[in-house]
Chemist: 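Got a structure for you, questions after.
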Amino acid sequence: MANALNPRQKEAVHYIAGPCLVLAGAGSGKTSVITRKIAYLIEECGFGARNIAAVTFTNKAAKEMKERVSKLVKGKASHGLTVSTFHNLGLNIIRREHKALGLKSGFSIFDAEDAKGLLKEIMLKHNDLESDSVDLVQSEISNFKSAMITPQQALNQADSVGELGVAQVFERYNQALQAYNAVDFDDLICLPVNLFLNSPETLGRWQHKLRYLLVDEYQDTNESQYQLVKQLVGGRGGLTVVGDDDQSIYAWRGARPENLSLLKQDFPTLHVVKLEQNYRSTARILRVANAVISHNPHEFTKTLWSDFGLGDPLRLIRCPNEDAEAERVATDILSQKMRHGLHFKDFAVLYRGNHQSRILELKLQQNQVPYAMSGGTSFFSRTEIKDIMAYLRLLINHDDDNAFLRIINTPRRQIGTSTLEALGRYATEREIGLLTACNEVGLQTVLPDQGLQRLREFASWLTRIRNNCAQNNPMNAIRGMIDDIDYEAWLFQNASSAKVAERRMQNIEFLLSNIENAISRDEEAEDNEAFVKNAIAKLLLMDLMERQEEEDDSDRVQLMTLHASKGLEFPRVFLMGMEEELLPHRNSIDDDNIEEERRLCYVGITRAQKNLTMTLSASRKQFGEKTETSMSRFIEEIPEEDLELEGFGQATQAQLETRAKETVNNIFDMFND
DNA sequence: AATCCTGGAGTTTTT
DNA sequence: CTCCAGGATT
């Protein structure tokens, strides 16, 4: 990125008279604009760093932004600046205001898996919905929350039996969360919004603290996030949002790209700046990208251009089948690498769906091409991490029954289902948590001595750990806890090989060192318990995998979905599976969502700096059957002179086969007549 | 608790 | 076809 800002970028950075919308095309230096603007606000406009918040969607983006700001701003002037994800900002608000929200300190954060388990339990218990619709109900509840619809409203507006059922589950689910002293991911946004709606005094305090707000990837905000932004900004106009409606690819999970245009209505004095100069790609790649995206309707039209030369034409390679396609990509990478003296890490292969990576991986292995795949199971969904986190959660939140149930028999403590059921009944009747119930005298009457004794043993052991944690070094207490339960032995006992178990133990070690790190940097906590509480809460929102990946910057071809590629750039890019039903995806064709698919294609194209190769397969095995494919409609939208075709000359083997089949069928039909 | 069987789906995914 | 989850069976 050039050091000097171009005139448009300068305008975006220096405009502070009111709310400002920056329409930043792909590769137009939007992160620079945000970071420079933060520096400008601090150094030139007299804003205190602690009165500024910059909000992004991913931890990765937040981390990058933080680093760039601290390089830009001298000394300690950037101290106290908030650069975080929406969810982290919401968490901070909830942490400070937890009493007003009816939460006890040390409340748990349920991830999608925890939430799903809870929902399943509720639906099973009340038996009013088929339990195989858990996923559906979960996403509907998530939609309700991100649209700021309360259970009460959902009940009122339900106009079918099914909708009523979902609304009831929604209500019970929220009650259960409250009982467990827990919140889910969506709550991290919608609880603060509700609080601010009900308490102008609280909102006033936060407005006083946060006087300037910068929001990245604005096209990805949902309703609740937009409301939070509006509330915090109030009438003061201390707002800069950066976004690109052409890169909105998350509408399917509630993002509302129209929030970009709605901004004009909510802030009539909105100043709009367009960034159209691209610092990433060749003119040819941009021409193609512009051509494709111009087929979408636009509220704001942008035309990207760059100072770089025209560059290579795009190649479109048609292969007879998916094997050949993957093989071709693998060998092409090798030959390009040889010819141009490149590294493997200069290449990225992008595709629509995760399953497309399978064959490719195989072919890359066969050709000895090293690769790295992003995505996959995140750090916090690993069982060993979830186990230890559950221990920690229960340690700081007695009411977290989910955590209790997860670990009560992990490792084995010989507490059977009947014991747990009795405990559950007892706790529900009295509206107390399972752990609390363990210590109650009345429990004696409903439980056999043996089960009772084991439960009490567990509860008092945990109390010892907690006291140890509060009075001595919390990290030692946590390590002691893991030793006590002999978790390492449990891992070795359960893993398929010693290697796997060792890996898992290393993951735990990694988790612990991150907790230690979070504790040592915490400046707000007043006691050991608060240290641990803050650390756990912070970690839950952080994907530690990202850090691990960054440490491993070896020379590998990057494999990822188009979604995962947003925000990244690579010298040479392959775009696989340019076929109807794949890109655009079949479901999107059915649902008439072509525009988002086109944006996905646009995102893919604009990842490339120098060279772009698109491939497609003339036939594809799907669900066991071989089917003919047709070329993606997006290819038709590319100017012919920018494409170099390969594999379109003669009929492919697959076509010959189909033709033969057709002939046979025709003859068959003649006989049937 | 482990294993086998059966059925259903088979886009994208962060927090 | 292939992979998963969940239930049933041992």
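Numbered from 1 within each chain, the chains take letters A, B, ... in sequence-line order. As a basis for the values below, the full set of heavy atoms in this structure was taken, side chains included, without hydrogen atoms, waters or symmetry mates.
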Chemist: Take the protein atom CG of A:N222 and the nucleotide atom P of B:dT13, then report the distance between them rounded to whole Å.
Modeler: 18 Å
Chemist: At 4.0 Å (heavy atoms only), tell me whether A:R599 reaches a base, stays on the sugar-phosphate, or touches nothing.
Modeler: nothing
Chemist: Taking the same atom, P, in C:dC3 and in B:dT14, what whole-Å distance lies between them?
Modeler: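 Each nucleotide's P atom is 23 Å from the other's.
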Chemist: Nearest 0.5 Å, what's the CG-CZ distance between A:L562 and A:R607?
Modeler: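 Rounded to the nearest 0.5 Å, the CG-CZ separation comes out at 10.0 Å.
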Chemist: Could you work out the separation of C:dC4 and B:dT11 based on their P atoms and round it to a whole Å?
Modeler: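 Going atom to atom, P in each nucleotide, I get 13 Å.
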Chemist: Decide side chain to side chain contact (heavy atoms under 4.5 Å, CB included) for A:Q247 and A:R599; before the verdict, give the C-alpha distance in whole Å, the side-chain angles of both, and the deciding distance to 0.1 Å.
Modeler: CA-CA 6 Å; A:Q247 291 187 70; A:R599 292 193 287 266; over 6 Å; no
Chemist: Expressed in angstrom and rounded to an integer, what is the separation of A:K60 atom NZ from B:dT13 atom C1'?
Modeler: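 Atom-to-atom, A:K60 to B:dT13, this comes out as 14 Å.
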Chemist: In whole angstrom, give the distance that lies between atom CD of A:Q138 and atom P of B:dT14.
Modeler: 15 Å
Chemist: Is the distance between the ring centroids of A:H585 and A:W252 less than 6.0 Å?
Modeler: no
Chemist: Would you mind reading off the distance between A:E217 atom CD and B:dT15 atom P, rounded to a whole angstrom?
Modeler: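 That distance rounds to 12 Å.
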Chemist: A:D135 CG to B:dG8 P: how many Å, rounded?
Modeler: 15 Å
Chemist: Is the centre of the A:Y250 ring less than 6.0 Å from the centre of the A:H563 ring?
Modeler: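 Ring-ring flag for A:Y250/A:H563: true, centres closer than 6.0 Å.
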Chemist: Grab the CZ-P distance between A:F86 and B:dT13 for me, whole Å please.
Modeler: 21 Å
Chemist: Rounded to whole angstroms, how far apart are CE on A:M560 and C1' on B:dT14?
Modeler: 16 Å
Chemist: With 3.5 Å as the limit, what N/O pairs link the protein to nucleotides 10-12 of chain B?
Modeler:
| residue | atom | partner | partner atom | Å |
| --- | --- | --- | --- | --- |
| B:dT11 | OP2 | A:H355 | ND1 | 3.4 |
| B:dT11 | O4' | A:H585 | NE2 | 3.3 |
| B:dT11 | O2 | A:R352 | NH1 | 3.1 |
| B:dT11 | O2 | A:R352 | NH2 | 2.2 |
| B:dT12 | OP1 | A:N354 | N | 2.9 |
| B:dT12 | O4' | A:R352 | NH2 | 3.4 |
| B:dT12 | O2 | A:W252 | NE1 | 3.2 |
| B:dT12 | O2 | A:R352 | NH2 | 2.6 |
| B:dT12 | O2 | A:H563 | NE2 | 3.3 |

Chemist: To the nearest 0.5 Å, tell me how far A:D220 CG sits from A:K566 NZ.
Modeler: 3.5 Å
Chemist: So A:S108 and A:D400, side-chain hydrogen bond (donor to acceptor under 3.5 Å, both in side chains) or not? Walk me through it.
Modeler: CA-CA 7 Å; A:S108 298; A:D400 193 334; 2.4 Å; yes
Chemist: In whole Å, I'd like the distance from the CE atom of A:M123 to the P atom of C:dG6.
Modeler: 12 Å
Chemist: Does B:dT14 have OP1 or OP2 under 4.0 Å away from a side-chain N or O of A:N59?
Modeler: no
Chemist: Counting only side-chain heavy atoms from C-beta out, which of B:dT14, C:dG6, B:dT15 sits nearest to A:K120?
Modeler: C:dG6
Chemist: Between A:F458 and A:F404, how do the two ring planes meet: parallel, tilted or perpendicular, split at 30° and 60°?
Modeler: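 Rings of A:F458 and A:F404: perpendicular, as their planes differ by over 60°.
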